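A short worksheet on the structure shown next.
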Protein chains: 2
Amino acid sequence: MKQETRKDEIINTAAKLFKEKGYSAVTMRDLATAMGIKAASLYNHINSKQEILKAIIISIAEEFTSGMNSIIQSEASSISKLESIVALHVNITSNNTNGMASLNNDWMHLEDQLDYYLQLRNEYEANFLGIINEGVTASEIKNSNPEIIMFSMLTTLRSLYLWIPKKEDLNAKNLGQSLSEVLISGINN
Amino acid sequence: MKQETRKDEIINTAAKLFKEKGYSAVTMRDLATAMGIKAASLYNHINSKQEILKAIIISIAEEFTSGMNSIIQSEASSISKLESIVALHVNITSNNTNGMASLNNDWMHLEDQLDYYLQLRNEYEANFLGIINEGVTASEIKNSNPEIIMFSMLTTLRSLYLWIPKKEDLNAKNLGQSLSEVLISGINN
DNA sequence: TCACCAAACTAACAAGTGTTAGTTTAGTGT
DNA sequence: ACACTAAACTAACACTTGTTAGTTTGGTGA
């Protein structure tokens, strides 16, 4: 719980603006105005616009990688692992909805870190698919198209950042449970 | 099947670029280079960059509205209506994956047409939710949170544009069926 | 051959872009 | 009183942005 530095404030404000208009459409002058200062003053705290994007995206991507590694190493059933993935997304997204928007929509504007980001994402998706395949083999999961299953779950989870801010009445635990139910058991009676 | 005009070519090329980098990050010079001409030449065919975005997004949004109206007026069961919605998304997205990317990611950069777009989207979501609620009342659909159900389905469907281009082996009909199965019946055995 | 026209071109514009350099301000510990 | 420092400022830079004006090109029908 260390306190927020001025640099953190700038990054958080930037994340909020990036969520609204996207990285490319937000100028350093926009960001400065939102902070109540002049654009040049931002450079007392950060080195470049690109550095801000990197700070937002890479830290979140590494959180996902770390969470996924814990889940894979656990001894739980495949369905239970999928429920943990849902909870992972709900938790990370709840703590940083603005940053998740950048991760989803502005990752392609990463420069030096683009390859690293893509590597993390590919590994994450491969692990996700691995869990589903494992569940199919163990007959826990229907033997339909595993990629469609992953696609459906992952895109829903990736879009949580759009939805969580509107539903403050649901806490993370309840939302995770409801979502797991819908994603895993379906909606029909 | 009328043939493609030069203006159409520009709009389609723009949609492709917008998908890759987003509206704000694509310059008129980028677009011109992709067309093999100079930026100024674009203005022989279009009036502004904004007009291109409008042409891409609004036509698709109106397709969705029109499709949804047909579904609502049908006498089918709620589950069957949801299957039709899945098919609607698969069809529209298959025909214009690039345009769907702009609709999803760049709608906020619409200027004059922003309010109109938001109106269409709100109506669409209200109709979608109405079908789910109707299904809950008729005991076709589980009595869990209808908004979570809509969120889950709609975000999956909205992300199809990312996924369809990678899976050319699946035709629209098969993909629609598989996706309906996953979304409606779940994935567990 | 001539007029026409779609569609390209060159040249330029005013405004906005990220960023740098150097300076001022106000508060803190000695 | 003094030096130090975090954090703001003004002014400017080189470049990029969307767009306009006027011109050239090459093909088509009369």
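Just so you know, these numbers come straight off a predicted model, no measurement behind them. Proteins come first, then strands; the chains are lettered A, B, ... in the order of their sequence lines, and each starts at number 1.
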Notebook entry, point to check: Could you give the distance from OH (A:Tyr161) to OG (A:Ser94), rounded to the nearest 0.5 Å?
Noted result: 15.0 Å
Note to self: Pair A:Ile141, A:Glu134 - check side-chain contact (heavy atoms from CB on, under 4.5 Å), show working.
What the structure shows: CA-CA 9 Å; A:Ile141 295 176; A:Glu134 188 183 288; over 6 Å; no
Margin query: What is the distance, to the nearest angstrom, from the CG atom on B:Asp8 to the P atom on C:dA6?
Written below: 16 Å
Next item on the list: Output yes when A:Glu51 and A:Lys54 qualify as a salt bridge under the 4.0 Å nitrogen-oxygen rule, no when they do not.
Entry: no
Next item on the list: Under 4.0 Å from any atom of DNA chain D, heavy atoms only: list the residues of residues 24-53 of chain A that qualify, in numerical order.
Entry: A:Arg29, A:Ile37, A:Lys38, A:Ala40, A:Ser41, A:Asn44, A:His45
Next item on the list: To the nearest 0.5 angstrom, please state how far the CD atom of A:Glu20 sits from the CE atom of B:Met108.
Entry: 9.5 Å
Next item on the list: Return the residues of residues 105-115 of chain A meeting this criterion: a heavy atom under 4.0 Å from some atom of DNA chain D. Order them by number, or give none.
Entry: none
Checklist line | Side chains of B:Ile131 and B:Ile71 in contact at under 4.5 Å (non-hydrogen atoms) | finding: yes
Check: Over how many whole Å does the gap from A:Ile10 atom CD1 to D:dA6 atom C1' extend?
Finding: 12 Å
Notebook entry, point to check: How many angstroms lie between atom CG of A:Asn98 and atom NZ of A:Lys19, to the nearest 0.5 angstrom?
Noted result: 5.5 Å
Note to self: For a quick test of reading the model, state the closest non-hydrogen atom pair linking A:Gly99 to A:Ala15 and the distance between them.
What the structure shows: N-CB, 4.1 Å
Checklist line | Contact check, side chains of A:Ile56 and A:Leu103, non-hydrogen atoms, under 4.5 Å | finding: no
